[in-house]
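Note on naming: letters A, B, ... go to the chains in the order of the sequence lines (proteins, then strands), and numbering restarts at 1 for each one. A quick note: this is a predicted structure, and the numbers were derived from the prediction, not measured. Any value given below was found using the heavy atoms of this structure, including those in side chains, with hydrogens, waters and symmetry copies removed.
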Number of protein chains: 2
Amino acid sequence: MSGARKAEIGDKMVKRYPLYLRVLREMAAQGETYASGAVVAKALELDPIVVRKDLSKTGVRGKPRVGFPMTEIIASIERYLGWNAATEAVLAGAGRLGSALLGYPGFQHQGFKIVAAFDANPKKRGKIAGIPVYPSAQIAEIVRTLNVSLGILTVPADQAQAVADAMMAGGIRGIWNFTPVQLSVPADVIVKREDLAASLAVLSHRLRHGEHPK
Amino acid sequence: MSGARKAEIGDKMVKRYPLYLRVLREMAAQGETYASGAVVAKALELDPIVVRKDLSKTGVRGKPRVGFPMTEIIASIERYLGWNAATEAVLAGAGRLGSALLGYPGFQHQGFKIVAAFDANPKKRGKIAGIPVYPSAQIAEIVRTLNVSLGILTVPADQAQAVADAMMAGGIRGIWNFTPVQLSVPADVIVKREDLAASLAVLSHRLRHGEHPK
DNA sequence: TAGATTGTTAATCGATTAACAATC
DNA sequence: TAGATTGTTAATCGATTAACAATC
């Protein structure tokens with residue numbers, strides 16, 4: 001997060017930052033001005049060494065016996081995650097799951113804002129949770145006009161590839177894929193799959209084969 | 001998956017099995033009787049070595065030049081994931097996200113069945129997607145009666161711990177937690193967090209800091 | 001047979017954990 | 001000062017990748 005070239009930060013680490021942010025913001029709201037790695041680790045049931053290392057990666061210097069200065073550490077993580085300025089996204093597929101995401105209040109604290117939605121069904125036109133819903137035929141055009149680079153895919157499986165193609169035609173560079181479809185995209189487009197089946201498999205595996213080793 | 005004691009299978013590997021299953025089932029539906037790791041790897045854009053290793057972990061022997069016998073390999077993975085007999089679950093919080101999960105058709109192919117739902121709001125009583133919705137006050141009682149060991153948590157954050165406690169009082173041993181709350185549970189209860197903020201962080205990190213290294 | 005694919009062992013890589021000096 | 005906590009280097013661990021013999 002400082003200027004200089006630093007070691008790549010892995011996915012595992014990136015995933016922990018939102019957790020830290022939640023705890024840190026809560027502590028800040030309670031008037032704390034410093035946060036020690038030990039306290040954060042306890043709140044999240046993580047190993048203190050992991051937390052200390054992650055926090056030190058931000059470039060913010062902590063004081064022994066005291067911890068990290070709250071304002072700085074929060075700002076640094078927010079900046080790193082890009083949560084200081086909201087990333088705009090569009091969503092295609094305003095079905096049950098899509099509507100749930102459109103109405104999810106948490107995104108506003110996560111530097112994330114859905115600015116438009118699309119659905120093939122004319123009955124879905126209008127606004128859902130204050131977000132305008134357009135015909136799917138206009139995806140490429142509207143994405144381009146709004147200059148959005150992130151798309152959320154919550155359409156039925158058989159439309160997934162076609163809708164993804166339309167998004168990319170409009171300039172989308174990252175797709176948050178909630179469908180079970182293996183999307184075919186060019187190398188410079190990033191797809192993040194939200195795989196409920198995989199999560200479920202991990203949970204049920206732990207449930208039946210005993211707790212995970214560590 | 002064979003009887004003998006074998007090396008622990010890590011989360012990463014467990015997460016890939018549902019992917020394999022999807023591809024294998026599709027191939028089987030098209031009449032294929034053997035599946036080679038190479039073909040599966042290509043379909044999922046995975047390294048063939050990973051696939052070969054994962055598939056060999058099932059205990060099913062493949063034939064060089066041909067691949068793994070379709071029926072056996074599918075049955076073995078299904079058995080390992082516990083998808084041969086449906087795991088029953090209850091869901092608490094029939095809001096937008098909860099309703100989306102109640103109506104999600106994919107679960108039936110994933111050895112998973114939601115048999116009851118709960119909501120604090122009396123207006124939600126009745127049935128959603130064919131699943132009965134009961135008052136939250138009856139969670140412990142009904143969970144115990146149905147003898148279900150897995151609970152899905154899609155309630156508002158401020159009710160998460162109380163509802164989880166009620167589930168556990170009824171005998172729930174695994175919780176699929178869709179809330180951002182850090183649940184406090186005894187060591188023998190397994191919590192799997194579905195963390196949208198973390199996924200989003202990974203996606204936006206890759207989008208802004210360049211593609212992931214590998 | 002020739003060659004693609006499996007099965008397995010070894011090498012590499014990255015992340016986690018341990019250890020400990022520095023510091024407030 | 002004493003002691004908790006940071007910062008950093010080393011050790012361990014697990015997963016991925018590479019290499020290659022076995023086999024149909």
(message) At under 4.0 Å between heavy atoms, how does the protein contact nucleotides 18-24 of chain D? Give one character per nucleotide, 5' to 3', with B, S or -.
(response) BB---BB

(request) Using a 4.5 Å cut-off on heavy atoms from C-beta on, say whether the side chain of A:L55 contacts that of A:I77. (result) yes

(message) Heavy atoms from C-beta onward define the side chain here; which of D:dT17, C:dG7, D:dG7 lies closest to that of B:R61?
(response)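 My answer, after comparing the listed nucleotides, is C:dG7.
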
Check salt bridge (Lys or Arg N to Asp or Glu O under 4.0 Å) between [X] and all other residues, then give those that pass, not counting sequence neighbours.
X	result
B:R208	none
B:E194	none
B:R144	none
B:R16	B:D54

(request) Applying ring-ring contact (aromatic ring centres under 6.0 Å, His included), name anything that partners A:Y34, two or more places apart in sequence or on another chain. (result) none

How many whole angstroms separate atom [atom1] of [X] from atom [atom2] of [N]?
X	N	atom1	atom2	result
A:L55	D:dT6	CG	P	8 Å
B:D54	D:dT17	CG	C1'	13 Å
A:D11	C:dG14	CG	C1'	12 Å
A:R16	C:dT17	CZ	C1'	12 Å
A:M13	C:dG14	CE	P	12 Å
A:K15	C:dA15	NZ	P	12 Å
A:K12	D:dC13	NZ	P	16 Å

(message) Checking A:T179 now: which residues fulfil side chain to side chain donor-acceptor pair (under 3.5 Å) with it, not counting sequence neighbours?
(response)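 Side chain to side chain donor-acceptor pair (under 3.5 Å) check on A:T179 returns A:N177.
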
(request) Could you pull out all residues at least two apart from A:D165 that satisfy side chain to side chain donor-acceptor pair (under 3.5 Å)? (result) A:Q161

(message) Dot-bracket, 5' to 3', for DNA chain C please: Watson-Crick or G-U pairs under 3.5 Å, [ ] where pairs cross earlier ones, | where the partner sits on another strand, dots elsewhere.
(response) ..||||||||||||||||||||||

(request) Within residues 31-40 of chain A, find the residues that approach DNA chain D with a heavy atom at under 4.0 Å, and present them sorted by residue number. (result) A:S36, A:G37

Validation: residues 111-119 of chain A side-chain donor-acceptor distances under 3.5 Å, sequence neighbours left out:
{"from": "A:D119", "atom 1": "OD1", "to": "A:N121", "atom 2": "N", "distance (Å)": "2.8"}
{"from": "A:D119", "atom 1": "OD2", "to": "A:A94", "atom 2": "N", "distance (Å)": "2.7"}

(request) Would you mind checking if A:E78 and A:R25 are paired as a salt bridge, meaning a charged N to carboxylate O distance below 4.0 Å? (result)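 Result for this pair is yes, salt bridge flagged.
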
(message) Taking salt bridge (Lys or Arg N to Asp or Glu O under 4.0 Å) as the cut-off, I'd like each qualifying pair that reaches into residues 39-48 of chain B, sequence neighbours left out, listed once.
(response) none

